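Report on one structure; see the data block that follows.
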Amino acid sequence: MSSARERALNSVGVGDVIFGVAAGGQDKLMLVYKADRDSIFARHVTSQTSVEFGRDGKSRRVPDGGSCTIISVTPLSPEDREIVVGLDRKMRTGRDYPDFVLSRDEVDLLLRHVEFFTAHPLPE
């Protein structure tokens with residue numbers, strides 16, 4: 001029988017927003033762009049760094065040899081999820097100023113997402 005943590009991590013799919021913490025304590029707001037039975041592939045929304053996670057929530061491959069652990073997969077509200085998807089697109093496709101200028105909604109989300117996700121951690 002699987003644990004609540006395993007069930008939560010196994011339910012993560014493409015388009016989900018997840019939250020991780022790097023080894024140095026940096027918060028990572030991430031959008032899942034690929035998922036299969038064994039892995040979760042997510043992109044850090046603001047830096048666009050891609051990370052491969054095992055279904056245990058631990059990173060397997062991170063550029064520059066870092067590491068990251070998923071600490072929450074709690075769904076955002078539909079409105080906040082759309083803000084994250086739009087911000088990811090903006091950061092992925094932007095080329096020059098003013099492409100990267102953040103909207104008030106994006107700034108607001110970036111200021112409050114850590115509190116939301118840390119209040120809703122994965123079960124132990």
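Counting from 1, the numbers follow the sequence of the chain as shown. Just so we're clear, the structure is a prediction, and the values are computed from it rather than from any experiment.
- Of all heavy-atom pairs spanning Leu87 and Leu102, the tightest one is CD1-CD2, 3.5 Å.
- Grouping the Ile, Leu, Val, Met, Phe, Trp and Tyr side chains by contacts below 4.5 angstrom, directly or via other members, places Val45 with Leu76.
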*asked:* Walk me through whether Ile18 and Ile71 qualify under side chain to side chain contact (heavy atoms under 4.5 Å, CB included).
replied: CA-CA 8 Å; Ile18 60 176; Ile71 65 162; over 6 Å; no
Test side chain to side chain contact (heavy atoms under 4.5 Å, CB included) on Thr69 and Val21; report intermediate values, then the result. CA-CA 5 Å; Thr69 301; Val21 175; 5.8 Å; no
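- With rounding to the nearest 0.5 Å, the separation of CD1 in Ile70 from CZ in Arg5 is 9.0 Å.
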* To do: Start with the C-alpha distance between Arg104 and Val107, add both sets of side-chain angles, then the distance that settles side chain to side chain contact (heavy atoms under 4.5 Å, CB included), and finish with yes or no.
  => CA-CA 5 Å; Arg104 182 71 210 142; Val107 170; 3.4 Å; yes
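- Closest approach of Cys68 to Met30, counting heavy atoms only: SG-SD, 4.5 Å.
- Counting only residues at least two apart or in different chains, salt bridge (Lys or Arg N to Asp or Glu O under 4.0 Å) contacts with residues 12-22 are absent.
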Checklist line | Step-by-step side chain to side chain contact (heavy atoms under 4.5 Å, CB included) determination, Leu29 to Thr46 | finding: CA-CA 8 Å; Leu29 180 64; Thr46 55; over 6 Å; no
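- Residues Ile40 and Val17 are members of separate hydrophobic clusters, defined by side-chain heavy-atom contacts under 4.5 angstrom among Ile, Leu, Val, Met, Phe, Trp and Tyr.
- In terms of the side-chain hydrogen bond (donor to acceptor under 3.5 Å, both in side chains) criterion, Ser59 has no residue partners (sequence neighbours excluded).
- Here the straight-line distance linking atom CD1 of Ile83 with atom CG of Leu109 works out to 5.5 Å at 0.5 Å rounding.
- Note: Gln48 CD to Lys90 NZ = 12.5 Å, rounded to the nearest 0.5 Å.
- Val85 and Phe100 fall within a single hydrophobic cluster, where Ile, Leu, Val, Met, Phe, Trp and Tyr side chains are chained together by heavy-atom contacts under 4.5 Å.
- Taking Ile, Leu, Val, Met, Phe, Trp and Tyr as hydrophobic and joining them when side-chain heavy atoms fall under 4.5 Å apart, one finds Tyr97 in a cluster with Val101.
- The nearest pair of heavy atoms linking Gly13 to Ala35 is CA-CB, 4.1 Å.
- Residue pairs meeting the salt bridge (Lys or Arg N to Asp or Glu O under 4.0 Å) criterion with at least one member in residues 38-55, sequence neighbours excluded: Arg43-Asp88, Glu52-Arg60, Glu52-Arg61.
- For Asp80, the side-chain hydrogen bond (donor to acceptor under 3.5 Å, both in side chains) partners two or more places apart in sequence, or in a different chain, are Arg112.
- Residue pairs meeting the side-chain hydrogen bond (donor to acceptor under 3.5 Å, both in side chains) criterion with at least one partner in residues 23-37, sequence neighbours excluded, are absent.
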Report all side-chain donor-acceptor pairs from residues 117-124 shorter than 3.5 Å, counting only partners two or more places apart or in another chain.
| unit_1 | atom_1 | unit_2 | atom_2 | d |
| --- | --- | --- | --- | --- |
| Thr118 | OG1 | Val114 | O | 2.8 |
| Thr118 | OG1 | Glu115 | O | 3.3 |
| His120 | ND1 | Phe116 | O | 2.7 |

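- A side-chain donor-acceptor contact under 3.5 Å links Glu6 to the backbone of Ser3.
- The two residues Arg95 and Arg92 come nearest to each other via the heavy atoms NH1-O, 3.7 Å.
- Between Phe41 and Val32, every side-chain heavy-atom pair lies at or beyond the 4.5 Å cut-off.
- Under a hydrophobic-cluster definition in which Ile, Leu, Val, Met, Phe, Trp and Tyr are linked whenever side-chain heavy atoms come within less than 4.5 Å, directly or via other members, Phe53 and Phe19 are assigned to different clusters.
- Every residue two or more places apart in sequence or in another chain that forms a side-chain hydrogen bond (donor to acceptor under 3.5 Å, both in side chains) with Ser47 is listed here: His44, Thr49.
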